[in-house]
Amino acid sequence: MFYFCSMKNVHLVWFRRDLRVHDHAALAAAVASGAPVLPLYIFERDSWALPEHSRRQFDFLMDSLTELDEALTERGARLIVRKGDALDVLADLHRRHGIEAIHMYEETGLPWTRARDRAVRRWAVQAGISLREQSQPGILRGLKGHDDWTSRWAEALNAPRIKAPESIRAATQAAGPWPIAEDFCLGPDDCAGRQTGGRTAGVELLRSFLAGRGRRYQQDADRPAISETTGSRLSPHLAFGTVSVREAWQAAARARAAYVQDGDTTFAASLTDFLERLEWRARSIQSFEDRPLPQTGSGEDFRPEAAADDPRLAAWIDGRTGFPLIDACMRALRETGWLNFRMRAMLIGFASCQLWMDWRLPAERLGALFTDFEPGIHYPQVIAQAGLRGRRMPVVRNPVRLSQQLDPDGVFIRRWVPELAALPDAYLHAPWDAPKAELARAGVIFGQTYPMRMVDHAAAAREARERIARVRHPGRPLQKRPEPKQPAPKAAPRPSRRSEAKQADLPFRSRRPNGIRRPARGPVQLSFDLGQPPSVPESQSV
Ligand SMILES: Cc1cc2nc3c(=O)[nH]c(=O)nc-3n(C[C@H](O)[C@H](O)[C@H](O)COP(=O)(O)OP(=O)(O)OC[C@H]3O[C@@H](n4cnc5c(N)ncnc54)[C@H](O)[C@@H]3O)c2cc1C
């Protein structure tokens, strides 16, 4: 490592999950101080040893850091990349440069992250360094009551975005090798379809979503065969902060207003749904900020702990359960690092309800497969889908019915489970019901070409509901859910916003003044880097 200059009273910007120079309050504050600025990223060994962290996330991060370094370099400062324990790295930089202040965003992370940040806070006080933490827009630390949460969140989202600094007075220019995945024992990953990291890719996704891809988001976001195109796909960018939530929110609100004006109600309704998901995101992270994970033996937890070598866990994570949609989702996830919300909910619900496994190991394994792993969304969802918390009983999803509804023609299943491709649609969703002659014609031999289903899903779901109800509402008689009499329709309409919010265990709010239907307060600043609001392609104008 070579330092060609060293200054005192440096303001350090510690980048974590905010890998951009636009709309970055911590960077803006450091630059505004007038002091020399030291932009830093730390690869923390203990963090990469966490079971939820994986190679696909590392690779996405490297793409993003490369672009962040370019953006900083253009402005006069290099990104200083260090490997090691955060406290050691910060103490070393303090010795070399004399740090006056550290600017960073608060991070709502895993217990490990919280412990690290507490230690850094203590160290900074002892070292006489001013720690200036910015809150994530709308996420409030130490919140006492939630009464005005919505209005404070809306205020943060509608506030003008912060311009990227034009130039940065650098404290130092460091050259030296960046770590590689193998330094953290992250071996090769078969994620050929991983999303590209970096701000360019994030902004391009946002643009293409708002300019056309997202038109049928409301109708198609749950359908696994097409949701990879109709969904925004912004999740890893929001998780690593290459695009800020406020940028996404304001761009979508502007585009929505343009579509309303043009009479494209389909697109406008889709963007209303998208904006609502961004609100769910904030609510979820806020809930994780407020309430830690359930502890073993706390009474919130009632399933037997799964062993790491439990064959049910292996069959589930490898996509060998005998349920075509579950297996297709797992295989798709392994190869792409992404799934839509309903498919994620189905996977974790199957592990924790139909297979009755403790939520921890499945949650860790699933988290590692997501390029977009975000603890503040992932864990509250896992806990809600497993029925541990929440105001309502969880929806125990039926993987066969979902398969018939959301992949009626079997396009997704045939793509990811080719050994079933020759089965007719009528038997593709539940091959165990197929007549022997059909199985023989399609070359399906249970136990050889494809596994027999590992559980009677309907009976297991009934039992799970009863067990959860006994724990959550002791003494209350169980309300039996009637079994559907008719075979499921081929393609079900998308569930209402109310039922979706219920399934996600998010409070449904009718459109109240502070909700997303409210026009933005004050002028919404146009993004210099996101450009003008997308024009409506003629073919999509009503
Ligand atoms: C068990 C489980 C685990 C999940 N783990 C993660 C995770 O680790 N990281 C992650 O980003 N999302 C997670 N989700 C939420 C959701 O599935 C993904 O955000 C979504 O599939 C990402 O695709 P997209 O960017 O196209 O989303 P879009 O549908 O376009 O939504 C836009 C953004 O809104 C947010 N969002 C969407 N749905 C939800 C939701 N239900 N709750 C909170 N925020 C939401 C995400 O930031 C997303 O990028 C999880 C859901 C479940 C059921």
Side-chain angles (χ1 to χ4, degrees), residues 17 52-54 56-57 60 108-110 136 138-139 195 201-202 205-206 208-210 213-214 216-218 220-224 226-245 247-249 251-252 270-288 329 332-333 336-353 359 362-388 390 394-395 397 494 497 500-508 516:
R17 290 173 79 89
E52 297 91 340
H53 289 170
S54 59
R56 54 194 61 193
Q57 297 155 11
F60 187 96
T108 304
L110 294 166
Q136 301 285 347
I139 313 296
Q195 286 182 245
L205 278 176
L206 183 55
S208 63
F209 179 70
L210 299 179
R213 273 195 309 114
R216 286 186 52 83
Y217 174 81
Q218 192 183 44
D220 295 337
D222 293 336
R223 293 170 178 265
I226 42 181
S227 55
E228 61 182 332
T229 311
T230 54
S232 75
R233 308 300 308 277
L234 280 172
S235 52
H237 293 279
L238 298 176
F240 284 91
T242 58
V243 173
S244 79
V245 178
E247 288 176 307
W249 169 272
S270 281
L271 293 187
T272 301
D273 264 22
F274 172 73
L275 289 165
E276 199 155 71
R277 299 264 171 143
L278 293 181
E279 182 176 347
W280 288 11
R281 180 179 202 279
R283 284 185 183 279
S284 180
I285 295 177
Q286 182 70 57
S287 78
F288 194 60
C329 282
L333 176 58
T336 65
W338 183 85
L339 278 179
N340 72 41
F341 167 72
R342 285 251 262 167
M343 297 301 100
R344 295 185 198 208
M346 175 189 70
L347 289 184
I348 198 72
F350 186 77
S352 52
C353 293
W359 54 278
E364 288 171 6
R365 297 283 164 90
L366 210 53
L369 289 176
F370 293 155
T371 308
D372 62 21
F373 173 64
E374 170 65 67
I377 304 178
H378 188 69
Y379 276 106
Q381 274 302 330
V382 168
I383 286 164
Q385 305 295 340
L388 262 61
V395 180
R397 289 175 170 79
R494 187 179 158 87
R497 290 166 58 249
E500 278 227 311
K502 195 168 157 187
Q503 289 182 20
D505 198 46
L506 288 159
F508 175 83
I516 56 174

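Since this is a predicted model, take the numbers as computed values, not measurements. We count ligands from 1, going down the list as the structure has it; atoms in each ligand are counted the same way.
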J.: Between Ser227 and Asn340, does any side-chain donor sit less than 3.5 Å from a side-chain acceptor?
T.: yes

J.: Suppose I only count heavy atoms of Phe274 and a 4.0 Å limit; which atoms of ligand 1 are within that range?
T.: 30 (O), 32 (C)

J.: Based purely on interatomic distance, does Ser284 place a nitrogen or oxygen under 3.5 Å from a nitrogen or oxygen of ligand 1?
T.: no

J.: Does Ala239 offer a backbone N or O that forms a donor-acceptor pair with the side chain of Arg17 under 3.5 Å?
T.: yes

J.: Side-chain donor-acceptor pair under 3.5 Å between Arg213 and Ser208, yes or no?
T.: yes

J.: Answer yes or no for Tyr217: is there a heavy-atom contact with ligand 1 below 4.0 Å?
T.: yes

J.: Is the closest N or O pair between Asp372 and ligand 1 shorter than 3.5 Å?
T.: yes

J.: Find all atoms of ligand 1 within a distance of less than 4.0 Å from any non-hydrogen atom belonging to Ile348, and give their numbers and elements.
T.: 1 (C)

J.: Would a distance-only check, ignoring hydrogens and angles, find a side-chain to backbone donor-acceptor pair under 3.5 Å from His378 to Ala363?
T.: yes

J.: For the aromatic rings, using the six-membered ring if either is Trp, is the centroid distance between His237 and Phe60 under 6.0 Å?
T.: yes

J.: Considering only heavy atoms of Ser235, which atoms of ligand 1 have at least one such atom less than 4.0 Å away?
T.: 11 (O), 22 (C), 23 (O), 25 (O), 49 (O)

J.: Mark up the atoms of ligand 1 that fall under 4.0 Å of a heavy atom belonging to Phe341, in ascending order.
T.: 17 (O), 21 (O), 41 (N), 51 (C), 53 (C)

J.: If we set the cut-off at 4.0 Å for heavy atoms, which region of Trp280 has an atom near ligand 1: side chain, backbone, both, or neither?
T.: both

J.: Using a strict cut-off of 4.0 Å, indicate which atoms of ligand 1 neighbour a heavy atom of Gly231.
T.: 26 (O)

J.: Should you measure from each heavy atom of Glu374, which atoms of ligand 1 turn up under 4.0 Å away?
T.: 7 (C), 8 (O), 9 (N)

J.: Answer with yes or no whether the side chains of Tyr379 and Glu52 bring together a donor and an acceptor at under 3.5 Å.
T.: yes

J.: Nearest non-hydrogen atom to atom 24 (P) of ligand 1 belongs to which of Arg281, Arg233, Arg277?
T.: Arg233

J.: Considering only heavy atoms of Ala345, which atoms of ligand 1 have at least one such atom less than 4.0 Å away?
T.: 53 (C)

J.: Taking 4.0 angstrom as the limit and counting only heavy atoms of Leu238, give me the atoms of ligand 1 inside it, by number and element.
T.: 47 (O), 49 (O)

J.: Should Leu366 be listed as contacting ligand 1, given a heavy-atom distance under 4.0 Å as the test?
T.: no

J.: Identify whether NZ of Lys or CZ of Arg in Arg344 sits under 6.0 Å from the centre of the six-membered ring of Phe370 and within 45° of that ring's axis.
T.: yes

J.: Mind listing the closest non-hydrogen atom pair of Arg277 and Asp222 along with its distance?
T.: NH2-OD1, 4.4 Å

J.: Check each heavy atom of Leu339 against ligand 1 and say whether those closer than 4.0 Å belong to the side chain, the backbone, both or neither.
T.: backbone

J.: Do side-chain atoms of Gln195 reach the backbone of Arg233 as a donor and acceptor pair under 3.5 angstrom?
T.: yes

